[in-house]
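Remarks on the structure that follows.
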Number of protein chains: 2
Amino acid sequence: MAAKNHKEPKQRILDAAINLFAQKGFAAAGVREIAKKADVNIAMISYYFNGKVGIMKAVIKEFFDQFLEIFSEINEKNKSPEENMRLITRPIINFIRSNTKLAMVTYNELPLDIPEITELKAERTSFFLKKMSSRISGLGLDPKDAFRTAVIGTSLFSAIMMQFRFRPVIERVYKVKYDDAYYKWLEDTITTLFLNGIQGIAAGKKKQVR
Amino acid sequence: MAAKNHKEPKQRILDAAINLFAQKGFAAAGVREIAKKADVNIAMISYYFNGKVGIMKAVIKEFFDQFLEIFSEINEKNKSPEENMRLITRPIINFIRSNTKLAMVTYNELPLDIPEITELKAERTSFFLKKMSSRISGLGLDPKDAFRTAVIGTSLFSAIMMQFRFRPVIERVYKVKYDDAYYKWLEDTITTLFLNGIQGIAAGKKKQVR
DNA sequence: ATAAAAGTTAAACAAACGTTTGTCAATTTT
DNA sequence: AAAATTGACAAACGTTTGTTTAACTTTTAT
């Protein structure tokens, strides 16, 4: 139950909190539970984070800081549309795969009202919105139509996120393992889906059935 | 603050709970707050729902019961692919529009661990998964590839859901109002996006910019 | 009209909540 | 070596949590 002690206490608290927030939500995870899992005294939470919501602030900052760094900066003009689309889907999938709980906590708590965090959330979310919008507009859409590209960009992110949120059900119902092969397949599927739609998927019969 | 008294107490509790759950999440919403908003004594919650999680059970049941009823039963063979796609996107958008908070509560709490509800969630979610999968497979994809159509179906639902979860940010950043015109435009956009992808959207220049 | 059932209430329950206090050990600075 | 700062701890703080009890009123059934 207790955590590994080879990390700094502050980091141990953050790790434990992310795990518990992902499992039961921010409000349902108690500070005693977090402290126990982090193998740390309860008082250390206020000492390092100024209270429970301070942890959530740190979580949100960490997610957005890391996420906004994942894209290679430029869309190469000489690459195919599919390859350019892949340059968006791949980093998103890989990032969420490596930071599943961090992403799920942030995604889950974003629409919820936590008074002390409202400003931080609004600021980071609008930045996220613009980033996704600009990445999508590099695919041949009108850059002036930022609203449309924002809707598409958030749809893409949410669609990928959904595969992680529903992982337990999907694995059980369709007898699927979330392994390397699956993530490769998911990248292909999402890429084709968002580039050419369901008709694009139906046309590409070369893909094997899973 | 207090609710309208022309409804039955049980329904008032449910309405108040859905509103508060949507605003701050299940765990953060207290029974006293719910009772106050419903204009009902606290004890009535245990009386009608056997406690707080009983309300959540009722919420989940209501969402899935209502959602699984929205689709017209058959995909008409003589309609265009776009019209058949629209027969999926339109009811989803309309339903979430009319039941935004109910949908947001369910969507938000689904991945979270609430011990007494695990079974109910699993059962309903897998049913939801299969329903979405079968609807998508009617669009020209191989019905035997249920896993692929499930991924597409959940992506579609999540993409639409995202537009409601991010509504405050989107409205502010892009100066958009969520009115009839917006929902019509959203239906067009999501329909084209999932049927023909971003390239389909880029090709359809007849659509006006918002 | 009488009895039984259902609905409603205020008050109290123990348990859990997040935070803070005061004390002591360890480290760093002077 | 002395002083100051930082890190860590057990214990207690006052609230708030979800639930239940017992008394009471209203409605329904006999």
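We name chains A, B, ... by the order of the sequence lines, and we start the count at 1 in each one.
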If you measure only the distance, is there a donor-acceptor pair under 3.5 Å linking the side chains of B/Gln163 and A/Thr154?
-> yes
Between atom CE in B/Met44 and atom P in C/dA11, what is the gap in whole Å?
-> 16 Å
Let me know which of B/Asp15, B/Asn19, B/Thr106 forms a side-chain hydrogen bond (donor to acceptor under 3.5 Å, both in side chains) with B/Lys101.
-> B/Asn19
Indicate whether any N or O donor in one side chain lies under 3.5 Å from an N or O acceptor in the other, for B/Thr149 and B/Ser137.
-> no
Find the distance B/Lys36:NZ to D/dT16:P and express it as a whole number of Å.
-> 12 Å
Could you give the NZ-to-P distance, from A/Lys24 to C/dA16, as a whole number of Å?
-> 12 Å
Determine the interplanar angle of the B/Tyr174 and A/Phe147 rings, folded into 0 to 90°, and report it as parallel if under 30°, tilted if 30 to 60°, perpendicular if over 60°.
-> tilted
To the nearest angstrom, how far is A/Glu33 atom CD from C/dA15 atom P?
-> 18 Å
Whole angstrom value for the distance that separates C1' of C/dT27 from CD of A/Glu8 | 13 Å
Rounded to the nearest angstrom, tell me the gap between atom CG in A/Leu20 and atom C1' in C/dG18.
-> 15 Å
Should the ring pair B/Phe67 and B/Phe71 be called parallel, tilted or perpendicular, given that the plane angle runs from 0 to 90° and is split at 30 and 60?
-> perpendicular
Verify whether the ring centers belonging to A/Tyr107 and A/Phe63 lie closer than 6.0 Å.
-> no
Separation of C/dT8 atom P from B/Lys10 atom NZ, nearest Å, is 13 Å
Any A/Tyr47 side-chain N or O less than 4.0 Å from OP1/OP2 of D/dA8 = no
Classify every nucleotide of nucleotides 18-23 of chain D by which part a protein heavy atom approaches to under 4.0 Å, writing B for the base, S for the sugar-phosphate alone and - for neither, in 5'-to-3' order.
-> BBBB--
Could you state the atom-to-atom distance from CZ of A/Phe49 to P of C/dT20 in whole Å?
-> 16 Å
Could you check whether B/Tyr48 gets within reach of a base, just the sugar-phosphate, or nothing at all, counting any heavy atom under 4.0 Å?
-> sugar-phosphate
